[in-house]
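I have placed the structure first, in the form of structure tokens, so that the comments after it can refer back to it.
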Amino acid sequence: MGKSNQSFVTEFGLSGHPRLELLFFVLIFLMYVVILLGNGTLILISILDPHLHTPMYFFLGNLSFLDICYTTTSIPSTLVSLLSERKTISLSGCAVQMFLGLAMGTTECVLLGMMSFDRYVAICNPLRYPIIMSKDAYVPMAVGSWFAGIVNSAVQTTFVVQLLFCRNNVINHFSCEILAVMKMACADISGNEFIMFVATILFTLMPLLLIIISYSLIISSILKIHSSEGRSKAFSTCSAHLTVVIIFYGTILSMYMKPKSKETFNSDDLDATNKIISMFYGVMTPMMNPLIYSLRNKDVKEAVKHLLNRRFFSK
């Protein structure tokens with residue numbers, strides 16, 4: 001593809017199977033509805049319920065908003081693509097999708113690190129928690145997470161769109177994923193790969209290191225509690241976040257840290273496993289987050305019941 005023909009074809013690999021395309025459309029649409037309802041409810045109760053005006057639920061509200069933004073950058077266009085014969089997207093449209101997707105993903109990595117530090121302070125230093133995690137601390141932490149995501153995405157997207165694309169313009173993916181787009185460039189992408197390597201260390205592995213250190217200290221502190229009831233209560237305050245972290249980082253690491261020996265630079269297709277992992281990361285994880293937090297958290301359950309009762313009786 002020459003530089004003058006700046007358009008891509010996004011393809012999930014189901015064009016020859018219309019029934020599968022319809023099935024995927026229904027499944028993804030239902031998941032998207034659950035994502036909007038679940039995460040929207042968490043945002044609403046974190047704002048309306050005074051009992052949830054704490055750092056933990058402030059971060060959780062940001063996480064839910066991130067999941068809504070992330071899925072909205074890719075799912076609607078995916079649904080249209082599954083039912084439409086026209087599956088093209090312009091380079092500018094692809095750049096916007098790359099920017100928003102990468103910004104949301106990076107922000108979520110950093111935000112999960114901040115949330116792990118919040119859980120560490122709450123469990124290991126409960127008496128100092130109101131001082132350490134004051135509003136003057138947790139609001140800048142959240143803002144910093146968003147800033148890191150936006151800056152990282154802006155830098156990487158800018159360098160990618162400046163590449164010369166002259167190969168097959170079919171992206172065998174359900175959205176404009178940055179690695180899939182980079183593979184189609186006929187220019188040297190070593191600079192882009194170096195930037196991505198540095199960004200991965202700073203915004204993915206460093207937050208993961210913070211999470212590992214925080215939970216190592218948390219587990220050590222919990223094991224020192226003598227009563228089983230105390231240990232159970234302490235673990236319940238961080239089990240939901242730990243579950244989300246395992247799912248989120250598990251899918252990311254399986255996507256981007258897998259060996260590349262099976263892939264060649266001229267390969268046009270992503271293997272089926274990579275597509276399924278990408279689907280899980282892009283749709284399943286945002287759908288599961290509110291379910292995990294609501295099912296394992298009494299405060300969230302009570303807040304939802306209170307919200308529903310208030311709306312019911314107000315009628």
Side-chain angles (χ1 to χ4, degrees), residues 34-35 38-39 41-43 45-46 49-67 107-135 137-139 141-142 145 204-254 280-281 284-307:
V34 174
I35 289 169
N39 287 287
T41 300
L42 281 179
I43 294 172
I45 62 174
S46 67
D49 195 317
H51 297 95
L52 301 184
H53 291 175
T54 64
M56 175 182 171
Y57 294 105
F58 177 77
F59 288 133
L60 182 56
N62 275 265
L63 183 64
S64 294
F65 182 67
L66 268 172
D67 285 337
T107 303
E108 188 158 351
C109 287
V110 180
L111 190 63
L112 287 173
M114 300 298 182
M115 292 174 72
S116 70
F117 177 76
D118 171 73
R119 292 299 83 204
Y120 158 73
V121 178
I123 294 174
C124 299
N125 294 282
L127 297 179
R128 299 185 60 194
Y129 181 76
I131 300 174
I132 297 175
M133 294 303 297
S134 64
K135 190 173 183 179
Y138 69 77
V139 171
M141 288 168 67
S145 300
T204 303
L205 297 183
M206 290 298 289
L208 180 59
L209 179 61
L210 176 61
I211 292 169
I212 292 173
I213 293 174
S214 296
Y215 275 100
S216 297
L217 295 174
I218 287 172
I219 292 173
S220 176
S221 179
I222 291 176
L223 292 177
K224 293 178 182 178
I225 300 175
H226 298 292
S227 67
S228 58
E229 182 181 352
R231 287 196 297 269
S232 177
K233 184 178 179 181
F235 184 73
S236 66
T237 63
C238 61
S239 59
H241 176 254
L242 184 58
T243 304
V244 169
V245 166
I246 292 172
I247 294 173
F248 180 80
Y249 269 98
T251 51
I252 283 185
L253 293 177
S254 61
F280 188 85
Y281 167 70
M284 290 294 292
T285 304
M287 184 185 73
M288 292 173 66
N289 284 353
L291 296 177
I292 293 170
Y293 277 104
S294 60
L295 292 175
R296 302 179 67 90
N297 193 301
K298 293 181 180 180
D299 293 335
V300 173
K301 290 180 182 178
E302 290 298 322
V304 171
K305 290 179 182 178
H306 180 71
L307 178 64

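Throughout, numbering of the chain's residues begins at 1 and tracks the sequence.
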Query raised in the report: Parallel under 30°, tilted from 30 to 60°, perpendicular over 60°: which one fits the rings of F59 and Y138?
Result: perpendicular
Query raised in the report: So does H53 have more than 12 non-hydrogen atoms from other groups sitting under 6.0 Å from NE2?
Result: yes
**Report entry** Flag, side chain of S216 to backbone of I212, donor-acceptor distance under 3.5 Å
**Finding:** yes
Requested in this report: Give, for atom CD1 of I225 and atom CZ of F235, the distance between the pair rounded to the nearest 0.5 Å.
Outcome: 12.0 Å
Requested in this report: Can you see which heavy atom on S214 is nearest to which on Y120, and at what distance?
Outcome: CB-CB, 4.1 Å
Query raised in the report: In Å, rounded to the nearest 0.5 Å, how long is the span from CG of L63 to CD1 of I43?
Result: 9.5 Å
**Report entry** Euclidean distance, I292 CD1 relative to I247 CD1, rounded to 0.5 Å
**Finding:** 3.5 Å
Query - Interatomic spacing from CG in L66 to CG in L112 - rounded to 0.5 Å - result: 9.0 Å
Query raised in the report: Around F65, counting heavy atoms of other residues, nucleotides and ligands shown, do more than 12 lie under 6.0 Å from its CZ?
Result: no
Query raised in the report: Which value, rounded to the nearest 0.5 Å, describes the distance between I123 atom CD1 and I222 atom CD1?
Result: 4.5 Å
Report summary line: On a heavy-atom basis, the closest approach of C109 and P207 is O-CB, 3.4 Å
Query - Donor-acceptor under 3.5 Å (S64 side chain, G61 main chain) - result: no
Query raised in the report: Going by heavy atoms in the side chains, are D67 and E108 under 4.5 Å from each other?
Result: yes
Query raised in the report: Do the side chain of N39 and the main chain of I35 share a donor and acceptor less than 3.5 angstrom apart?
Result: yes
Query - Taking every non-hydrogen atom, the tightest pair across C238 and I218 - result: SG-CG2, 4.1 Å
Report task. Would you confirm whether S232, through its side chain, and S228, through its main-chain N or O, come within 3.5 Å as a donor-acceptor pair? Result -> no
Report task. Start with the C-alpha distance between M141 and M133, add both sets of side-chain angles, then the distance that settles side-chain contact (heavy atoms from CB on, under 4.5 Å), and finish with yes or no. Result -> CA-CA 10 Å; M141 288 168 67; M133 294 303 297; 3.9 Å; yes
Query raised in the report: So, N62 side chain and F58 main chain: donor-acceptor pair closer than 3.5 Å or not?
Result: yes
Query raised in the report: So L42 and Y57, side-chain contact (heavy atoms from CB on, under 4.5 Å) or not? Walk me through it.
Result: CA-CA 9 Å; L42 281 179; Y57 294 105; over 6 Å; no
Query raised in the report: Rounded to the nearest 0.5 Å, how far does CE of M115 lie from CD1 of I211?
Result: 9.5 Å
Query - Exercise: identify the closest heavy-atom pair between M114 and S145 - result: CG-OG, 3.6 Å
